[in-house]
J.: 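What follows is a structure written as structure tokens; I'll ask about it next.
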Amino acid sequence: QVQLVESGGGLVQPGGSLRLSCAASGFSLDYYAIGWVRQAPGKEREGVTCISGSDSSTAYADSVKGRFTISRDNAKNVVYLQMDGLKPEDTAVYYCAAKPFQRTILTPVQCRKYDYWGQGTQVTVSS
């Protein structure tokens with residue numbers, strides 16, 4: 001049974017940093033792409049970033065490029081999202097998501113649709 005559990009959300013001041021974790025179980029990261037998708041109140045879901053299961057290729061939405069970094073630890077079956085230079089517009093519920101995928105990720109368009117989802121973790125950026 002595929003399970004994804006996010007942690008690490010919270011309240012941070014503008015310009016601060018947070019690291020989100022996604023603990024995966026029931027499957028191997030080697031064969032799945034993992035992504036982070038966020039949803040702010042009244043807005044559509046936005047695919048923030050994703051990482052491929054085969055070659056660790058990544059893609060980022062323009063809104064977070066240069067500030068967010070996705071990484072994975074296959075031995076621990078955990079994916080991380082390091083968020084630096086946080087802005088109030090980054091405030092949202094952040095979801096970890098997964099799909100079978102072993103190709104190279106070339107564009108952030110590939111970071112939008114998934115088969116499995118976590119429960120989400122709230123990130124609030126405010127002074």
Side-chain angles (χ1 to χ4, degrees):
Q1 181 181 359
V2 173
Q3 282 194 319
L4 301 165
V5 179
E6 303 97 333
S7 60
L11 173 65
V12 63
Q13 291 187 341
S17 298
L18 278 177
R19 188 175 81 157
L20 305 183
S21 298
C22 174
S25 60
F27 67 99
S28 170
L29 291 183
D30 291 336
Y31 305 107
Y32 282 71
I34 304 295
W36 290 94
V37 178
R38 68 185 181 184
Q39 187 163 24
K43 294 188 177 181
E44 293 186 355
R45 281 187 176 180
E46 177 187 19
V48 174
T49 179
C50 60
I51 185 167
S52 172
S54 59
D55 58 7
S56 293
S57 52
T58 60
Y60 296 88
D62 287 343
S63 57
V64 305
K65 198 174 294 183
R67 300 187 297 120
F68 289 13
T69 304
I70 188 171
S71 62
R72 65 181 195 180
D73 184 335
N74 282 18
K76 296 181 179 180
N77 240 34
V78 178
V79 173
Y80 303 99
L81 180 64
Q82 179 66 40
M83 305 186 293
D84 300 316
L86 283 162
K87 304 175 181 180
E89 51 263 43
D90 294 318
T91 295
V93 177
Y94 284 71
Y95 298 90
C96 173
K99 61 183 177 183
F101 192 93
Q102 288 186 274
R103 293 169 287 159
T104 298
I105 289 174
L106 299 173
T107 81
V109 173
Q110 296 170 287
C111 302
R112 295 177 184 174
K113 294 184 178 180
Y114 298 93
D115 298 320
Y116 306 98
W117 294 81
Q119 82 287 353
T121 185
Q122 176 70 45
V123 172
T124 302
V125 185
S126 175
S127 54

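Everything numeric in this text was worked out from a predicted model, so none of it was measured.
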J.: So if you build clusters from Ile, Leu, Val, Met, Phe, Trp, Tyr with side-chain heavy-atom gaps below 4.5 Å, do Val64 and Leu18 land together?
T.: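 Yes, same cluster.
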J.: Kindly give the heavy-atom pair with the smallest separation between Phe101 and Ala33, and that separation in Å.
T.: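 Result for this residue pair: CB-CB, 3.5 Å.
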J.: Please examine the side chains of Ser71 and Gln82, heavy atoms only from C-beta on, and report whether any two atoms are closer than 4.5 Å.
T.: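 They are not in side-chain contact.
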J.: Tell me, do Tyr95 and Val93 make a side-chain contact under 4.5 Å, heavy atoms counted?
T.: yes
J.: Is Lys87 salt-bridged to Asp90, cutoff N-O under 4.0 Å?
T.: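 Looking at Lys87 and Asp90, the cut-off is not met.
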J.: Can you sort out the partners of Ser7 under side-chain hydrogen bond (donor to acceptor under 3.5 Å, both in side chains), two or more places apart, ordered by chain and number?
T.: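 side-chain hydrogen bond (donor to acceptor under 3.5 Å, both in side chains) list for Ser7, sorted by chain: empty.
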J.: Taking all atoms of both residues into account, what is the closest heavy-atom pair of Ala24 and Leu4, and its distance?
T.: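 The pair with the smallest heavy-atom distance is CB-CD2, 3.9 Å.
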J.: Please tabulate, one pair per line, all N/O donor-acceptor pairs under 3.5 Å involving side-chain atoms of residues 43-51, not counting sequence neighbours.
T.:
residue : atom : partner : partner atom : Å
Arg45   : NE   : Gln39   : OE1          : 3.3
Glu46   : OE1  : Arg38   : NE           : 2.8
Glu46   : OE1  : Arg38   : NH2          : 3.0
Glu46   : OE2  : Ser63   : OG           : 2.7
Thr49   : OG1  : Ala59   : O            : 2.8

J.: I need the full list of disulfide (SG to SG under 2.5 Å) pairs touching residues 8-48, with sequence neighbours left out, sorted by first then second residue.
T.: Cys22-Cys96
J.: Grouping I, L, V, M, F, W and Y whenever their side-chain heavy atoms are under 4.5 Å apart, do Tyr60 and Leu20 come out in a common cluster?
T.: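 As far as the 4.5 Å side-chain criterion goes, Leu20 and Tyr60 are connected within one cluster.
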J.: I need the Ile34 CD1 to Thr58 OG1 distance, nearest 0.5 Å.
T.: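 If I round to the nearest 0.5 Å, the distance is 14.0 Å.
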J.: Give a yes or no answer on whether the side chain of Arg72 reaches the backbone of Asp30 with a donor-acceptor pair at less than 3.5 Å.
T.: no
J.: Please enumerate all residues that pass side-chain hydrogen bond (donor to acceptor under 3.5 Å, both in side chains) together with Asp73, with sequence neighbours excluded.
T.: none
J.: Side-chain atoms of residues 118-127: list all donor-acceptor pairs with protein atoms under 3.5 Å, sequence neighbours left out, distances to 0.1 Å.
T.:
residue : atom : partner : partner atom : Å
Gln119  : NE2  : Glu6    : O            : 3.4
Gln119  : NE2  : Glu6    : OE1          : 3.3
Thr121  : OG1  : Gly9    : N            : 3.3
Gln122  : NE2  : Ala92   : O            : 3.4
Gln122  : NE2  : Thr124  : OG1          : 3.3

J.: Quick check: closest heavy atoms across Ala40 and Thr91, and the distance to 0.1 Å?
T.: CB-O, 3.5 Å
J.: As an exercise, state the distance from OG of Ser52 to CG of Leu29, rounded to the nearest 0.5 Å.
T.: 11.0 Å
J.: Under a 4.5 Å cut-off applied to non-hydrogen side-chain atoms, are Thr69 and Tyr80 in contact?
T.: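 Thr69 vs Tyr80: side chains apart.
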J.: Are Phe68 and Val78 joined in one hydrophobic group, where the rule is that I, L, V, M, F, W and Y side chains link up if heavy atoms are under 4.5 Å apart?
T.: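 Different clusters.
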J.: Carefully, step by step, assess Trp117 and Val2 under the rule side-chain contact (heavy atoms from CB on, under 4.5 Å).
T.: CA-CA 9 Å; Trp117 294 81; Val2 173; over 6 Å; no
J.: Using the ring pair (Phe, Tyr, Trp, His ring centres under 6.0 Å) rule, collect all pairs that involve residues 5-36, keeping only residues at least two apart or in two chains.
T.: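 Only Phe27-Tyr32 qualify under ring pair (Phe, Tyr, Trp, His ring centres under 6.0 Å).
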J.: Hey, any chance Val37 and Leu81 share a hydrophobic cluster, counting ILVMFWY side chains that come within less than 4.5 Å of each other, even indirectly?
T.: no
J.: As an exercise, state the distance from NZ of Lys76 to OG of Ser21, rounded to the nearest 0.5 Å.
T.: 9.5 Å
